[in-house]
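These numbers were taken from a predicted model, which means no experiment stands behind them. Every number for a ligand or one of its atoms is a count from 1 in the order of the listing.
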Amino acid sequence: MIPVNEPLFGGRELEYVTECVRTGWVSSAGRFINAFEERWAAYCGQCYGIAVCNGTVALQMALAILDLQPGDEVIMPTFTIISCASAVIYNDGVPVLVDSDPRTWCMDVNHVKERITPRTRAIMAVHIYGHPVDMDPLLDLAHKYGLAIIEDAAETHGAEYLSGRGSNSPLWRRCGSLGTVSAFSFYANKLITTGEGGMLLTDNLQLAEKARSLRNLCFLPERRFYHEELGFNFRMTNLQAALGLAQLERMDEIVARKRWMGQEYTRRLKDIEGLELPVEEPWARNIYWMYGVVLCKERDMHARQFAQKLRAHGVDTRPFFLGMHEQPVFHKRGLFLDEHYPVAERIAHRGLYLPSGITLTEAQLIKVCDAVREVLS
Ligand SMILES: Cc1ncc(COP(=O)(O)O)c(C=O)c1O
């Protein structure tokens, strides 16, 4: 079976992790935490990094430091992981959904303005499967309406966005450098992993300090065990950061490998009729975190059947996200009832992703493409 993903530890991971064990710095203090935070923030193009224990809590903390008030609304895509909506709800906010762009599968930025109300506080832009959201229109709206932008870059390590197109000085910027705050995940299927892990990035010193305090139970530096605010224990360990730092040292190689994989899949699959493939808009550099494919309506096959048939050919896959408006847990809370988002529904029910790991060889990729072709022939 060709797996959907396998992590690759081909650098100094063992050396760094061994150093933690040998020196005893295995908890949330130690040299690797600061180094990983600083280097990841610098790589992405933000000033401050606050490492946490996963991407879900990075999003939760991103909203907490923005001081969301009960009933404040956050506009976000329906087509994403539940962590995005739960982060809003845990902060007493209200998620307000928009449909997906039919090409990039990211939030359709043309639908955001119509969802803005006097209660809107923020827009959560979630880059999907390695392709950036079209950020400029969102940044314009944020500026005009005084909103914060939370960038969920969990799936776009190293992806780039051409900002300011149409201006005299367009600039390629990394995902995670465009929002008021941005959140990353370093789960094992991400481009770089810490096993479990996440990070919040920002250019704003005040927000960074607030995040550092919240992450660590809001201990007062000058008086431990005395608390003026309620915090969380969202700390990352030095062991995890050691793994992350070693991975980060090979970031360029990893990004190049993923881009090769995405382009190679597209080259080999693009002539198959009725199969929609990932795009790379001229203003984007996709890192193909996961290579998704969507069966067109004319094909009389559901993604689940497609997955079963590929499995019979030795190819493992994963289903696409199911939109937040189709989740029973939110219906039970009276949220998103009778809401419909046709693009998100179509891709959720007809999409899956193919093996996309960094260890995927050319021979395996060819085998996957042959299997796709045979199943759809
Ligand atoms: C877009 C997005 N946001 C957030 C997360 C949550 O990250 P974690 O699994 O580290 O909690 C994920 C996880 O894959 C994700 O894909």
Side-chain angles (χ1 to χ4, degrees), residues 4-7 36 40 44 49-64 74-91 95 97-98 100-101 104-107 122-133 135 138 149-159 161 175-176 178-179 181-201 215 232-237 240-241 243-244 247 258 278 286-292 317-324 327 344 347-348 351-353 356-358:
V4 164
N5 180 72
E6 267 178 323
F36 185 44
W40 186 250
C44 295
I50 299 92
V52 291
C53 48
N54 58 61
T56 300
V57 301
L59 285 168
Q60 192 181 330
M61 211 165 69
L63 284 154
V74 178
I75 300 176
M76 54 170 280
T78 185
F79 186 77
T80 184
I81 194 163
I82 197 162
S83 315
C84 301
S86 62
V88 178
I89 290 169
Y90 288 145
N91 281 284
L97 305 179
V98 295
S100 306
D101 178 289
T104 64
W105 308 329
C106 296
M107 74 198 294
I123 302 170
M124 188 186 288
V126 187
H127 308 298
I128 296 287
Y129 299 152
H131 194 289
V133 178
M135 293 297 292
L138 299 185
I149 297 269
I150 300 140
E151 231 189 314
D152 181 348
E155 303 182 356
T156 44
H157 300 186
Y161 173 74
C175 286
L178 296 134
V181 287
S182 58
F184 285 88
S185 161
F186 301 116
Y187 182 65
N189 63 8
K190 300 303 187 295
L191 260 72
I192 66 168
T193 183
T194 56
E196 294 280 356
M199 204 182 294
L200 191 144
L201 300 184
R215 165 181 72 176
F232 311 97
N233 177 355
F234 285 166
R235 300 181 300 249
M236 176 184 268
T237 66
Q240 291 167 301
L243 207 58
Q247 300 249 292
K258 294 289 275 190
N286 194 341
I287 48 93
Y288 304 97
W289 169 61
M290 288 292 163
Y291 194 89
T317 62
R318 289 286 179 282
F320 268 20
F321 294 129
L322 182 65
M324 295 303 104
Q327 302 287 351
I347 61 178
L352 54 73
Y353 49 83
S356 305
I358 188 78

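- Judged purely by atom type and a 3.5 angstrom limit, Gln247 has no side-chain atom pairing as donor or acceptor with the backbone of Thr194.
- In this pair, Phe232 and Phe234 present their aromatic rings parallel. The plane angle is below 30°, not in the 30 to 60° band.
- Side-chain atoms of Thr193 come within 3.5 Å of backbone atoms of Ala188 as a donor-acceptor pair (strictly under, hydrogens ignored).
- Here the side chain of His131 pairs no donor or acceptor atom with the backbone of Trp289 at under 3.5 angstrom.
- Using cut-offs of 30° and 60° on the angle between ring planes, the pair Tyr129 and Trp105 is perpendicular.
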Ligand 1: protein N/O within less than 3.5 Å of ligand N/O:
unit_1: ligand 1; atom_1: 3 (N); unit_2: Asp152; atom_2: OD1; d: 3.3
unit_1: ligand 1; atom_1: 3 (N); unit_2: Asp152; atom_2: OD2; d: 2.6
unit_1: ligand 1; atom_1: 7 (O); unit_2: Ser185; atom_2: OG; d: 3.4
unit_1: ligand 1; atom_1: 10 (O); unit_2: Gly55; atom_2: N; d: 2.8
unit_1: ligand 1; atom_1: 10 (O); unit_2: Ser185; atom_2: OG; d: 2.7
unit_1: ligand 1; atom_1: 11 (O); unit_2: Gly55; atom_2: N; d: 3.3
unit_1: ligand 1; atom_1: 11 (O); unit_2: Thr56; atom_2: N; d: 2.9
unit_1: ligand 1; atom_1: 11 (O); unit_2: Thr56; atom_2: OG1; d: 2.6
unit_1: ligand 1; atom_1: 14 (O); unit_2: Lys190; atom_2: NZ; d: 2.6
unit_1: ligand 1; atom_1: 16 (O); unit_2: Glu155; atom_2: OE2; d: 2.5

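- When the ring pair (Phe, Tyr, Trp, His ring centres under 6.0 Å) test is applied to Tyr187, no partner is found at least two apart in sequence or on another chain.
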